[in-house]
Amino acid sequence: QVQLVESGGGLVQAGGSLRLSCAASGRTFSSAAMGWFRQAPGKEREFIATIRWSGDSTYSADSVKGRFTISRDNAKNTVYLQMNSLKPEDTAVYYCAAGTRAYYSGKYAHNYDYWGQGTQVTVSS
């Protein structure tokens with residue numbers, strides 16, 4: 001079993017930056033991948049970015065490319081999401097996830113096995 005805890009959310013003005021962290025406990029595997037998703041009130045869960053636990057492969061949604069960067073620190077069992085140039089439409093609850101099937105198909109939520117509780121990000125205009 002894997003437990004995930006997100007942190008780093010908060011209130012920020014448009015154009016500002018936030019860095020989200022996702023700390024994982026339990027077993028992690030080199031064949032697994034981590035991902036970030038977000039969900040705004042009344043909207044479906046949206047894929048943001050994914051990173052494999054080994055190697056350097058990453059993939060991000062078009063809506064955040066050039067603004068958001070996913071990274072990891074294997075020694076700390078932690079994945080990060082650096083968010084720059086934030087826009088009001090980025091306001092949502094951000095969730096991290098982990099899974100093995102996501103290693104090859106990381107943009108699909110159903111390929112993740114474990115989810116964190118989420119952290120709120122609010123961007124004011």
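Note that the numbering runs from 1 along the sequence shown for the chain.
Note: the hydrophobic cluster containing V2 also contains M34 (ILVMFWY, side chain heavy atoms under 4.5 Å, direct or indirect links). Under the 4.5 Å side-chain contact rule for hydrophobic residues, I51 and Y80 do not share a cluster. Cluster membership check: V93 does not share its hydrophobic cluster with V79, using side-chain heavy-atom separations under 4.5 Å among Ile, Leu, Val, Met, Phe, Trp and Tyr.
Here the CE-CG distance, from M83 to L18, works out to 4.5 Å after rounding to the nearest 0.5 Å.
The shortest heavy-atom contact between P88 and S125 is CG-CB, 3.8 Å. The minimum heavy-atom distance between C22 and W36, with the atom names listed, is CB-CZ2, 3.7 Å. Between L81 and Y94 the shortest heavy-atom distance is CD2-CD2, 4.2 Å. Counting all heavy atoms, side chain and backbone alike, E6 lies closest to C96 at OE2-N, 2.9 Å. Contact detail for L4 and A24: the closest heavy-atom pair is CD2-CB, 3.6 Å. Of all non-hydrogen atoms in T50 and Y112, the two that sit nearest each other are OG1-OH, 2.9 Å.
Residue-environment remark: NZ (K76) stays at or below the threshold of 12 foreign heavy atoms within 6.0 Å. Around the CD atom of E89, the shell of radius 6.0 Å holds more than 12 heavy atoms that belong to other residues, nucleotides or ligands.
Counting heavy atoms from C-beta outward, D113 and T100 have side chains that approach closer than 4.5 Å. Under the 4.5 Å side-chain criterion, counting only non-hydrogen atoms from C-beta, V64 is not in contact with F47. For the pair Y59/I70, no side-chain contact is recorded, criterion being any heavy-atom separation below 4.5 Å from C-beta on.
R101 places a side-chain N or O within 3.5 Å of a backbone atom of H110 that can act as its donor or acceptor partner. Side-chain atoms of R19 never come within 3.5 Å of backbone atoms of G8 as a donor-acceptor pair (strictly under, hydrogens ignored). With hydrogens and angles ignored, the 3.5 Å screen pairs a side-chain donor or acceptor of T91 with a backbone N or O of V123. The backbone N or O of S54 sits nowhere less than 3.5 Å from a side-chain atom of N74 that would complete a donor-acceptor pair. Between the side chain of R52 and the backbone N or O of S57 there is no donor-acceptor pair closer than 3.5 Å.
The existence of a salt bridge linking D90 and K87 is excluded, since no basic side-chain nitrogen approaches an acidic carboxylate oxygen closer than 4.0 Å.
Every residue meeting the side-chain hydrogen bond (donor to acceptor under 3.5 Å, both in side chains) condition with E46, not counting sequence neighbours, appears here in chain and number order: R38, S63.
Sorted pairs that involve residues 116-125 and meet salt bridge (Lys or Arg N to Asp or Glu O under 4.0 Å), not counting sequence neighbours, are lacking altogether.
Ring planes of Y95 and W115: perpendicular class, angle over 60° (limits at 30 and 60°).
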